[in-house]
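Since the model is a prediction, treat every value here as computed from it, not as a measurement.
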Amino acid sequence: MNKIFRFTLFLVLAAGALSSCQMKEDDLFDVDPATRQDTWMAEYRRVFNNNEYGWALYTDNPTYGRHPAVKTYAVRFDQQNCTFYKSSATASLPNVAGLDSVVSQYSFKMDNGIVLSFDTYNDFFHYYADQSQFFSQDLQADFEFCLDRYSANEDTIFGRGKTKQLPFFMVKMKTTPEEYQRLSDEVDAYAAYNCVMVCAGDTLQARFLSGYKNLLVYYPDTVGGDDVEHMYSYGNLTNGIYLLENFHYKGKTVVEMHLDRETGEFTDSLSGAKIGPKPLVDYLLYADSDDSWFFGYSGLGAWTKGQWDLMRQAMSAGGLFSPDNFYNITLHNEGGGQLVLVVNKWYGSDEIHFRMEMKKVSDTEIALRYTGKEMSGRDFSFYDAGFKYVVDALAKRDSWTTYKITYKEGNPMNPTGLIFTDESNPDNSYYFEPNFRYYHSSIWE
């Protein structure tokens, strides 16, 4: 009986303990749900209004057949209204592009979390969300955003579009909207179409599509596979870029990259990833098949011009071909270490090819050697008729000529015009002018 009594007593005490541990709302929260929601919204409203200059608002906008494009707006909040200021996102809007600012209303709502809603139509902000516009067709942007969190220092607010679920965030501006816009627009000067991204010890080909605010990075999806294009949306900050769609590669995650305006490099201090200038040599090693470099008489060094003069004299004296019929000269990359000196490229008849070997010496040095192979379709040798002066000045047959490559204008990320300088003879130099063939009718100009 004692054993039965003790077992029964244990069951009674255990049942009492279990009943005392039941979870009730009052045990978890000391305020009711409605009050908690009001408190959360009041906190967000305080953060939204707690700045002198306002916020830079970044959001993805759907586009036809492309990756979402980032739009950036400068906006300031008070208790009821939001004021959108002129920005790069409003510069091309019809009818309102010249306005300095537009005022409308906003509110906070509860819908499975806090939702920021731009309630009344704003000529700056709602244009891309207006379904009456010609591009609507389910491509309109969000104007309500689920707010996920704000940073500990209350400088950044994160969220996503309520309908499209596209990324949304706001950065507190530390200067006027006009100055913020100027500094962030400057970043585009370093957003190079040809660059490289270094991450986890790998160097990946990359390019900015700055007009779309898209970053393209090329790497294989599988080990040993071919490089595949991966696209990420980004927004310009005053000191770099912010990847709305974070970049993930070999365990590294890249979110924000700061710009060094002197070197042109974008760097993520957390992952160590960098986006830097494409080596100048790579413009020749990995150029597209039709991306040739053009040059003419006016782009030559003093010694080189003398060699071209000798060629012209020899051709004129020989009478086989008039040097006045030479329209342009091109360095054309054919891959595999092969470079071709092409005369009259894209002018049909009388196109002459002199084949060169090419090798990389460093990121800013390249070496050339003439193979001795010529193609013209004529029954005589242009090299022997006088072109030997031009060809030998650029690349000799029995030895390598090493050139230092620099750029004339632009910045390291976006160089304009390459200059070749012969390291053994600095007066033997060539300036490869962008789009030379479109603006010159003769190599002698």
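- Put simply, the side chain of S151 gets close to the backbone of T156: a donor and an acceptor are under 3.5 Å apart.
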Task: Verdict with reasoning, F387 to V343, per side-chain contact (heavy atoms from CB on, under 4.5 Å) - done: CA-CA 10 Å; F387 237 94; V343 183; 3.6 Å; yes
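- Ring pair F295/F432 is perpendicular by interplanar angle, where above 60° counts as perpendicular and below 30° as parallel.
- Counting only distance, with no hydrogens or angles, the side chain of N344 and the backbone of Y327 share a donor-acceptor pair below 3.5 Å.
- With D260 contributing its side chain and T267 its backbone, the two residues share no donor-acceptor pair below 3.5 Å.
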- [ ] Before giving the answer on side-chain contact (heavy atoms from CB on, under 4.5 Å), spell out for V361 and Y403 the whole-Å C-alpha distance, their side-chain angles and the decisive distance to 0.1 Å.
- [x] CA-CA 9 Å; V361 178; Y403 290 93; over 6 Å; no
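- Side-chain N or O atoms of Y234 include none that pairs as donor or acceptor with a backbone N or O of V70 at under 3.5 Å.
- To the nearest 0.5 Å, the span separating CZ on F118 from CZ on F145 amounts to 6.0 Å.
- Checked by atom type, the side-chain pair H353/E351 shows a donor-acceptor distance below 3.5 Å.
- The backbone N or O of A395 sits nowhere less than 3.5 Å from a side-chain atom of T401 that would complete a donor-acceptor pair.
- The ring of Y53 has its center no closer than 6.0 angstrom to the ring center of Y180.
- Atom OH of Y218 is separated from atom CZ of R207 by 4.5 Å, given to the nearest 0.5 angstrom.
- Using cut-offs of 30° and 60° on the angle between ring planes, the pair H230 and Y219 is parallel.
- Defined by atom type and a distance below 3.5 Å, a donor-acceptor pair is missing between the side-chain atoms of T371 and E357.
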Open item on the list: What verdict does the side-chain contact (heavy atoms from CB on, under 4.5 Å) test give for L116 and F168, after you've listed the backbone C-alpha separation in whole Å, the side-chain angles of each residue and the deciding distance to 0.1 Å?
Closed with: CA-CA 11 Å; L116 167 65; F168 158 90; 4.1 Å; yes
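- The aromatic rings of F354 and Y370 stand perpendicular to each other, their planes meeting at an angle above 60°, with 30° marking the opposite boundary.
- In terms of modelled atom types and a separation under 3.5 Å, the side chain of N411 and the main chain of G264 share no donor-acceptor contact.
- Between the N414 side chain and the G410 main chain, no donor and acceptor come within less than 3.5 Å of each other.
- Using a distance-only test at 3.5 Å, with no hydrogens or angles considered, a donor-acceptor pair links the side chain of S87 to the main chain of T72.
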- [ ] Run the numbers on L99 and F124 for side-chain contact (heavy atoms from CB on, under 4.5 Å), then give the verdict.
- [x] CA-CA 9 Å; L99 298 180; F124 277 176; 3.9 Å; yes
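- Side chain to side chain, T364 and K404 meet the donor-acceptor criterion of an N or O pair below 3.5 Å.
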